2 protein chains.
Amino acid sequence: MFASLAQNLAAPHPNAIFAAAFVNTADLPRRVAPPAMHFAQDSSIYEEGDTATCFYRVVSGVVRTCRFTADGRRHIDAFYAAGDVFGFEIGTEHGFSAEAVTSCALVAIRRRGAEEGAARDEGSAMQLFGYAMRQLERARAHSQLLGRCSAAQKMAAFLLECEAGGAGSTIELPMTRQDIADYLGLTIETVSRSLAQLEKSGVITLRTARLILVRNRGALQDMSA
Amino acid sequence: MFASLAQNLAAPHPNAIFAAAFVNTADLPRRVAPPAMHFAQDSSIYEEGDTATCFYRVVSGVVRTCRFTADGRRHIDAFYAAGDVFGFEIGTEHGFSAEAVTSCALVAIRRRGAEEGAARDEGSAMQLFGYAMRQLERARAHSQLLGRCSAAQKMAAFLLECEAGGAGSTIELPMTRQDIADYLGLTIETVSRSLAQLEKSGVITLRTARLILVRNRGALQDMSA
DNA sequence: CGGATTGTTGATTACTTTCAACAATGGTGG
DNA sequence: CCACCATTGTTGAAAGTAATCAACAATCCG
């Protein structure tokens, strides 16, 4: 799910109408954001309810954004990897918590700084718009996945998202089964069983619990389509 | 679900950082978009794959955006009512279809026009950004609903969304049970049963299938929380 | 090596879907 | 105005999927 997004951010934007605004994608953060911040695995980047002063660009590692229901169940909204920008939220308070799935390095982009950048040239504003749109696209796709798909289909789609970020057909999962379950709206047992079933049917091989070899990518695509 | 959003769009934006940009919310569409377009009930506004040239502001009526899975199941992404702006998508093609749930009146906002507006003053760009952010917020909340909630919880949350758009505690549903089912990731039978259960427990009264009286709003809030 | 965490597997339960029949509603034409 | 027909909505019974409860295995650290 990860690098594909990062590539998109760096490449010329596919939307012709807004394309011109996206050419020098790297300018905004370089201009306003100095050195990277480091977070240890499982540490909090910000909490739900914190004052939202920044967006964040992931330099390395993986981040999850999450929220809890009243009955204490966790919902993971998204995972972010190198190149992704997260922290887009309405209002002055974060509606989600952000946590480091792995140890990670982030560059903070101050909102006010971004606003001033936007005031100086509309390229920055359009860039922010594009980041937000990309998040929107992901959120919508995820809604469809959660609303209309079986456990097996969710797992297949998830593996394809992950594979897009890795090298070749080997997937190294940075997150726990609990993370996956809370992202896909399943339980850890169902995640485990779905993976076992995929392995039994020869679609994947579990070299370890976190290291997955994709043997039949087409089958995954057929399942998740 | 509807008017609450429309109110937010008209009111000063809660995000202090971007607030200044949101003050004269109605300017952009008035400037570039002349008279309203009318669509009959169940007619198509645009189809998945169509070239995306416009955003649309709903003047009256209700619109749904939807998409189909490979196996033919429909997923409704969102409903839009008066004041809402829809059609925010990445790329030059619509990824969703938009259809008139009721007969409705829309004002088209040409993307290129909006872009030129954005180039002239950053207020327009920020306004677009704000619309996109609001869609993002809704999509995320919907993901959480679909991923972590039971049928009863989904129905309770849906009724509260709808109630926000109606007068008092009477909800007139503009959409069919199939629409509701495809929005909540359920079947029409489960939607029907969930409503029947809510009525039996005294939380609502079904005056007709489409006209619902909320008797115990607190109970709905407790369920959906 | 030992203990805690993480992941897997089995049995049972609960919830939602599916299949089926029926009821209510709304629009149309006689 | 009423009857008819198509659409929409409801309800029941059976089946299927995922959740829950429980035990165990593997892995990771110190």
Side-chain angles (χ1 to χ4, degrees), chain A residues 40-42 64 69 71-76 101-103 145-159 171-201 204-212 223, chain B residues 40-42 64 69 71-76 101-103 145-159 171-201 204-212 223:
Chain A
Q41 185 169 357
D42 291 321
R64 64 176 172 252
T69 59
D71 54 337
R73 289 142 57 92
R74 184 178 67 160
H75 169 77
I76 291 186
V101 174
T102 64
S103 66
L145 188 70
L146 295 180
R148 301 267 78 168
C149 294
S150 67
Q153 290 177 312
K154 288 175 180 178
M155 274 310 312
F158 179 73
L159 290 176
I171 300 171
E172 184 162 4
L173 297 174
M175 69 290 283
T176 66
R177 296 291 189 266
Q178 188 66 62
D179 284 335
I180 299 171
D182 291 344
Y183 179 63
L184 296 178
L186 301 170
T187 59
I188 53 174
E189 293 94 333
T190 300
V191 168
S192 191
R193 276 188 256 265
S194 300
L195 287 170
Q197 180 55 42
L198 283 171
E199 181 166 41
K200 201 161 68 177
S201 58
I204 61 172
T205 299
L206 288 159
R207 301 190 72 81
T208 73
R210 300 285 188 98
L211 195 64
I212 296 176
M223 289 177 68
Chain B
Q41 186 168 357
D42 291 320
R64 65 176 172 252
T69 59
D71 53 340
R73 289 142 58 92
R74 184 178 66 158
H75 169 76
I76 291 186
V101 174
T102 64
S103 67
L145 188 70
L146 294 179
R148 300 268 77 167
C149 294
S150 66
Q153 290 177 311
K154 287 175 181 178
M155 272 311 311
F158 179 73
L159 290 177
I171 300 169
E172 184 163 4
L173 297 174
M175 69 290 284
T176 66
R177 296 289 189 268
Q178 189 66 62
D179 284 335
I180 299 172
D182 291 344
Y183 179 63
L184 295 179
L186 300 170
T187 60
I188 53 174
E189 293 95 332
T190 300
V191 168
S192 191
R193 277 187 257 265
S194 300
L195 287 171
Q197 181 55 43
L198 284 172
E199 181 165 41
K200 202 161 67 176
S201 57
I204 61 171
T205 299
L206 289 159
R207 300 190 73 80
T208 72
R210 299 286 189 97
L211 194 64
I212 297 177
M223 290 177 69

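The structure displayed is predicted, hence computed values, not measured ones. Below, chains carry the letters A, B, ... as their sequence lines are ordered, and counting in each starts from 1.
- The CD1-P distance, from A:I188 to C:dG7, rounds to 8 Å in whole Å.
- C:dA11 atom P lies 15 Å from atom CD of A:E189, rounded to whole Å.
- For C:dT17, one of the phosphate oxygens OP1 or OP2 lies less than 4.0 angstrom from a side-chain nitrogen or oxygen of B:T190.
- Here the P atom of nucleotide D:dG9 and the CD1 atom of B:I212 are 11 Å apart, to the nearest Å.
- Not one N or O on the side chain of A:T205 forms a donor-acceptor pair closer than 3.5 Å with the backbone of A:R207.
- In the interface, the side chain of B:R193 is paired with the base of C:dT18 through a donor and an acceptor atom under 3.5 Å apart.
- A:Q197 places its CD atom 12 Å from the P atom of C:dG10, with the value rounded to the nearest Å.
- Among the atoms of the strands shown, none is found under 4.0 Å from any heavy atom of B:T208.
- Rounded to whole Å, atom P of C:dG7 lies 9 Å from atom CG of A:L173.
- C:dG7 atom P lies 11 Å from atom CE of A:M175, rounded to whole Å.
- One distance of note links CG of B:L195 with CD1 of B:I212; it measures 5.0 Å at 0.5 Å rounding.
- When the options B:R73, B:H75, B:R74, B:R177 are evaluated for a side chain to side chain donor-acceptor pair (under 3.5 Å) with B:D182, the one that passes is B:R74.
- Salt bridge status for B:D42 with B:R64: present, with a side-chain N to carboxylate O gap under 4.0 Å.
- Atom CD of A:Q41 has more than 12 neighbouring heavy atoms from other residues, nucleotides or ligands inside a 6.0 Å radius.
- In this structure, CD1 of A:I204 is placed 14 Å from C1' of C:dT8, rounded to the nearest angstrom.
- Remark on DNA chain D: of its neighbouring residues B:A209 and A:T187, the 5'-side contact belongs to B:A209, judged by nearest-heavy-atom nucleotide.
- Note on B:L195: nothing from the nucleic acid sits closer than 4.0 angstrom, heavy atoms only.
- Atoms CG (A:L198) and C1' (C:dT8) sit 15 Å apart, rounded to a whole Å.
- The side chain of B:R210 approaches D:dT8 more closely than any other nucleotide in the set C:dT8, D:dT8, C:dT9.
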